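Counting convention: from 1, in listed order, for ligands and their atoms alike. This is a predicted model, so every value here is computed, not measured.
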Amino acid sequence: MVTKKIKTAVFISGNGSNLKNLIKFSRKKMSPITIVLVISNNKSAKGLKYAHHNMIEREKFNFKNIKTAEKKSLNILLKKKIKLICLAGFMKVLSKNFIKKFSGKIINIHPSLLPKFKGLNTHKRVLESKVKFSGCTVHYVSSKLDSGKIILQKKVKVKNNDTVNSLQKRILKEEYKIYPKAIMKILN
Ligand code: GRF
């Protein structure tokens, strides 16, 4: 049993299905984390609703001015004694300076088998390239996009008749499994 759970923040931009899954995981007895803060760069992110329903503090910062947004984020992260940041569909690139302040404490999930298919429109590029496998990766965040040390990966077969939608759905299911597993791996 975990005695003291690690205070965790989740950064989102949109749907928040990984956030929803992480909240569910965090409520389990064996989970080493408790999610106490959700930060979104998008005030209409659907994921903010999950935070609200679960009575988790939410903050919306406009990352168009990244310096100000990061400063505001940093203040609240320190105030709330956050020790782990999980990026879950967060569509902004954090600055080197911010990452340095949380060195080794920021992790991300990406819907491909990194180092393959870094960046946006992953599934579309996977289908166009006709590779047989894709997947998902949980990795530490470094100053280079989708390039930090890999924590965990899961391979997913690409089917002949896959569309962006069907592939995304199948990979998301695996994301929900590996994100909690990766957290257990680094914290236990
Ligand atoms: C996921 O596929 C994640 O790997 C990527 O963005 C997507 C976010 O989905 N970084 P959701 O907002 O968690 O539903």
Side-chain angles (χ1 to χ4, degrees), residues 8-27 31 33 35 37-54 56 58-61 63 73 84-94 98-99 102 105-129 131 133-159 162-186:
T8 301
V10 183
F11 282 34
I12 60 163
S13 296
N15 240 348
S17 68
N18 273 288
L19 166 68
K20 189 179 178 188
N21 180 61
L22 286 179
I23 294 173
K24 202 170 135 204
F25 163 68
S26 72
R27 301 266 151 106
S31 163
I33 61 161
I35 298 170
L37 178 67
V38 172
I39 291 182
S40 173
N41 67 305
N42 168 13
K43 59 178 175 2
S44 35
K46 197 176 146 201
L48 285 168
K49 287 190 189 144
Y50 301 129
H52 182 59
H53 285 153
N54 287 279
I56 298 168
R58 300 158 292 163
E59 292 290 347
K60 295 151 249 177
F61 297 134
F63 273 74
S73 302
L84 178 71
I85 298 174
C86 297
L87 307 184
F90 184 63
M91 303 303 280
K92 294 284 171 181
V93 179
L94 295 165
F98 183 91
I99 294 168
F102 275 88
K105 295 191 176 102
I106 313 178
I107 61 176
N108 180 43
I109 187 149
H110 184 77
S112 79
L113 284 178
L114 291 175
K116 290 176 194 147
F117 302 101
K118 296 174 184 173
L120 297 175
N121 301 317
T122 320
H123 305 304
K124 183 169 177 272
R125 287 183 291 125
V126 162
L127 292 176
E128 281 165 3
S129 73
V131 288
F133 290 96
S134 186
C136 44
T137 306
V138 180
H139 63 96
Y140 284 104
V141 172
S142 70
S143 52
K144 261 185 157 180
L145 185 72
D146 298 328
S147 298
K149 189 171 173 243
I150 290 170
I151 303 165
L152 214 60
Q153 284 188 309
K154 174 74 187 178
K155 224 173 174 183
V156 172
K157 201 172 173 354
V158 180
K159 294 179 183 170
D162 257 333
T163 61
V164 166
N165 221 348
S166 64
L167 183 61
Q168 181 185 35
K169 256 192 174 163
R170 221 162 49 253
I171 291 179
L172 265 174
K173 272 193 190 155
E174 298 303 328
E175 293 186 30
Y176 304 152
K177 293 181 198 156
I178 69 159
Y179 215 164
K181 270 193 192 162
I183 291 171
M184 300 278 278
K185 188 174 168 188
I186 61 167

_For S40, the option from L19, I12, V10 that meets side-chain contact (heavy atoms from CB on, under 4.5 Å)_ = I12

*Give yes or no for whether the N/O distance cutoff of 3.5 Å, strictly under, is met between G14 and ligand 1.*
no

*Would one find an N or O of S17, backbone or side chain, under 3.5 Å from an N or O of ligand 1?*
yes

*Using heavy-atom distances, let me know which of A45, A88, G16, S13 sits nearest atom 12 (O) of ligand 1.*
G16

Say whether [X] and [Y], considering side chains only, have a donor N or O and an acceptor N or O under 3.5 Å apart.
| X | Y | answer |
| --- | --- | --- |
| S147 | K118 | yes |
| Y176 | S17 | yes |
| S44 | N42 | yes |

_Using a 4.0 Å heavy-atom cut-off, which part of Q168 comes near ligand 1: side chain, backbone, both, or neither?_
neither

List the closest protein heavy-atom neighbour of [atom]: residue, atom name, distance to the nearest 0.1 Å.
| atom | result |
| --- | --- |
| atom 2 (O) of ligand 1 | E175 OE2, 2.9 Å |
| atom 10 (N) of ligand 1 | I109 O, 2.9 Å |
| atom 9 (O) of ligand 1 | N18 ND2, 4.0 Å |

_ligand 1 atoms in contact with P111 (distance to a heavy atom under 4.0 Å)_ = 2 (O), 4 (O), 5 (C)

*Can you sort out which atoms of ligand 1 are near G89, meaning under 4.0 Å from one of its heavy atoms?*
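With G89 as reference, the close atoms of ligand 1 come out as 6 (O), 8 (C), 10 (N).
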
*Can the positive tip of K155 be found less than 6.0 Å from the middle of the six-membered ring of F133, inside 45° of the ring normal?*
yes

_Charged tip of K149 within 45° of Y140 ring normal and under 6.0 Å_ = no

*State, yes or no, whether a side-chain contact exists between I107 and V141 at a heavy-atom distance under 4.5 Å.*
no

